[in-house]
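Some notes on the structure that comes next.
The shown structure was predicted, so the numbers you read here are calculated from the model rather than taken from an experiment.
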Amino acid sequence: MGTPYSAVLTLMVTAGVINIIMGIYVVTNRSKQAMAKTFIAMCFLSAIYIFGSALELSAGTLKEVKFWIAAEYFGLPFIPPVSLMLIMYFLGMERFLKRRMRYLMYLMPLITLVLVITNDLHHFYYRSIELQISAGIHRVELNAGPWYIIQGGYTFGCMVGSVVLLLLYWNRMRSSYRLQHITMLIGMLLPIIGDFLYLGNLTPAGIDPIPVIMAITAALYMWALVSKGMLNVAPVARDTLFESMNDAVLVLDRNNRLVDFNPAAAAVLPELTSSALGQPIDPLLGLHTDLSLLDFNAKAGEDFPRIYDEIKWTVGEHSYYYQIRSSYIRKKGGPETSKLIVMIDVTERVRLQEQLRVLAYHDGLTGIFNRRHFIHLSEALLHQTLEQDEPLALMLFDIDHFKQINDTFGHDAGDHALLHVVEVCRQLLRPEDVFGRYGGEEFVVAMPGLSREEAAAAAQRIRSEIAAQTISAAASEHPLSVTASFGIVIAGAGCMEAGGSINQLLKAADNALYEAKNSGRNTVRLADMQTSKEALLR
């Protein structure tokens, strides 16, 4: 059989247990933030008050009632100022909470505690305490003394002040912190309402409703603490700097759960919403990069950030590059409290570097390899083909009468002619062929594995296709036709013993090209076998 107060006592004990669990949870997370310390104090002070109230309600004698009332006051008068300090930390107002101010805020509750403990000597806090028992239900009649009124005013001042601050900062709070803000507001309003009901004798059997209400507020705080990381940052304190930063910033707890992020981070991670707070960040990062957050984490004890440069980041069909810096946030001389990931957009730098790299190896107009890089690649290709006892064809060709095209129709027409030749070659050359601009209107191709006949046939196809297609020039009323002359040299198995170079082969190909021009242009000439061998032996 339960007592008349069984349900109420159950709720009280539940509230006390939740407060103890919350306090232990924050302590074991080893957070050294002032806000966390204040929250721990509020939890344990609330637990003292709640358990004292429950034992007072179950007491059977006036002596026991007085003892447990005194026990309650080791927690009760301290809760309002501690709650106000918690709200101030949450709103980023810690600059007002200097050590002297905190001592002054604790002075009134300390005086109250002393007066309650010694009340029988002076009755300055309670004029009288009476226990009335009827039908198994006891009712404690408390007749307030002068200091009770003073303490009551201080209590309401702290609670109402907390509510006012929360309302004043409502529009300054980011939407992602709205749920925590509402939780704090409810946690302040419900005890105020309960206190008014109690003082107005509107509660059943005159029972103090605050310990019961604390079961609700404790559950709300527990939810905000565990799922939303309520204590990890003071959101308003960093708004001016944090929200105006162009770099994306993610704040994580020690378990890699998202605690906070700025608008720039929401642009980098479109999935970031208030519902993501308190959730592991790895799944979100995995949507955009192959790297795990574990790769971003600095090792415990490192004072300097770990930097990862040029991390590829995809959003939809677009790619970006970020420099990612990860580090721990710690109090001076204390352990790590959270993690900070800063993402700096280096996309333009990476693209510029890529453009410079391309320009270092490619011709600026046509996009094919420049002379220097072609020689580098074809030297390696020559070495490979000779080792494998395979032939290598080297084709050198240039546009006929190119200077005349420039002089007559302008350099734009000359550029169109060059691009026309390159496009024809791209369509007809194989993927393994190495194609480069040798200089001016001259082009060169290294074609591994082709015999003399195959190389000559490839050159003839390119020559005829260049001549067959026309280009347009603004200075000409009619489309222009261009032709090209070709010289080919073959390095093959017959030259296995040779230690020649591409430059020597190019000289042989250039001689064949000279013969093609002397033969009327728009034709193909091959260096004879002896010339090819001599080029390699020199």
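Side-chain contact between His376 and Arg372: absent, with no pair of heavy atoms (C-beta onward) separated by less than 4.5 Å. Under the 4.5 Å side-chain criterion, counting only non-hydrogen atoms from C-beta, Met395 is in contact with Met447. Contact check for Leu166 versus Ile87: side-chain heavy atoms found under the 4.5 Å cut-off. Between Leu272 and Leu284, some side-chain heavy-atom pair lies under the 4.5 Å cut-off. Contact of the Phe374 side chain with the Val444 side chain is registered, since non-hydrogen atoms from C-beta on lie closer than 4.5 Å. No side-chain heavy atom of Glu390 sits less than 4.5 Å from a side-chain heavy atom of Pro448. Counting heavy atoms from C-beta on, the side chains of Lys339 and Asn256 come closer than 4.5 Å. At least one side-chain heavy atom of Val422 sits under 4.5 Å from a side-chain heavy atom of Phe435.
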query: Do Leu480 and Phe409 pass the side-chain contact (heavy atoms from CB on, under 4.5 Å) test, and can you show the C-alpha distance, the side-chain angles, and the key distance before you say yes or no?
result: CA-CA 10 Å; Leu480 300 177; Phe409 304 106; 3.6 Å; yes
field: CA sep, side-chain torsions, deciding dist, call: Glu465, Arg461, side-chain contact (heavy atoms from CB on, under 4.5 Å)
entry: CA-CA 6 Å; Glu465 190 64 26; Arg461 286 194 297 271; over 6 Å; no
query: Can Ile311 and Gln323 be said to form a side-chain contact (heavy atoms from CB on, under 4.5 Å), step by step?
result: CA-CA 6 Å; Ile311 302 299; Gln323 181 188 88; over 6 Å; no
- prompt: For Met343 and Asp247, what are the C-alpha separation, side-chain angles and deciding distance, and is it a side-chain contact (heavy atoms from CB on, under 4.5 Å)?
  reply: CA-CA 6 Å; Met343 302 178 64; Asp247 300 327; over 6 Å; no
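The minimum heavy-atom distance linking Phe402 with Ala417 is given by the pair CE1-CB, 4.3 Å. Across Ile466 and Val424, no two heavy atoms sit closer than the pair CG1-CG1, 3.9 Å. For the residue pair Thr347 and Tyr321, the shortest heavy atom distance occurs at OG1-N, 2.9 Å. Shown here for Val482 and Ile471, the closest heavy-atom pair between the two residues is CG1-CD1, 4.3 Å. Minimum interatomic distance between Arg437 and Asp363 (heavy atoms only, all atoms of both residues): NH1-OD2, 3.1 Å. Nearest heavy atom pair, residue Glu454 against residue Gly449, reads OE1-O, 3.7 Å.
A donor-acceptor pair under 3.5 Å is absent between the side-chain atoms of Thr408 and the main chain of Ile405, judged by distance alone. A distance-only check finds no donor-acceptor pair linking the side chain of Asn262 to the backbone of Ala248 [under 3.5 Å]. Asn511 contributes a side-chain N or O that, together with a main-chain N or O of Lys507, makes up a donor-acceptor pair within less than 3.5 Å. In this structure, the side chain of Asp510 does not engage the main chain of Leu505 through any donor-acceptor pair within 3.5 Å.
Remark: the Arg463 side chain and the Asn522 side chain contain an N/O donor-acceptor pair separated by less than 3.5 Å. Side-chain polar atoms of Glu271 and His288 form a donor-acceptor pair below 3.5 angstrom. There is no side-chain donor-acceptor pair under 3.5 Å between Glu379 and His383. Using modelled atom types, one finds a donor on one side chain and an acceptor on the other under 3.5 Å when comparing Arg525 with Thr523.
If you take NE2 on His416 and NE2 on His420, they are separated by 12.0 Å, rounding to the nearest 0.5 Å. With values rounded to the nearest 0.5 angstrom, Leu392 atom CG is found 8.0 Å from Ser378 atom OG. Note that the CG atom of Leu97 and the CE atom of Met85 stand 7.0 Å from one another [nearest 0.5 Å]. Considering CZ of Phe96 and CE of Met101, their distance stands at 9.5 Å, rounded to 0.5 Å. To the nearest 0.5 Å, atoms OG (Ser83) and CE (Met42) are separated by 5.0 Å. The structure places CG of Asn406 at 8.5 Å from CD of Glu441, a figure rounded to the nearest 0.5 Å.
In this structure, the ring of Phe397 has its center less than 6.0 angstrom from the ring center of Phe443.
Remark: Arg351 does not engage Glu354 in a salt bridge, criterion side-chain N to carboxylate O under 4.0 Å. Salt bridge Asp400/Lys517: present, at least one basic N to carboxylate O contact under 4.0 Å.
In Tyr361, the OH atom is not crowded: 12 or fewer heavy atoms of neighbouring residues, nucleotides or ligands sit closer than 6.0 Å. Surrounding CZ of Arg430 are more than 12 heavy atoms belonging to other residues, nucleotides or ligands, all under 6.0 Å away. Within a 6.0 Å sphere centred on NE2 of His373, heavy atoms belonging to other residues, nucleotides or ligands number more than 12.
Here the options are Ile344, Asp345, Val350, Thr289, the test is side chain to side chain contact (heavy atoms under 4.5 Å, CB included), and the partner is Tyr322; only Asp345 passes. Each of Leu250, Leu258, Val315, Leu287 was evaluated against Leu269; a single residue qualifies, Leu250, per the side chain to side chain contact (heavy atoms under 4.5 Å, CB included) test.
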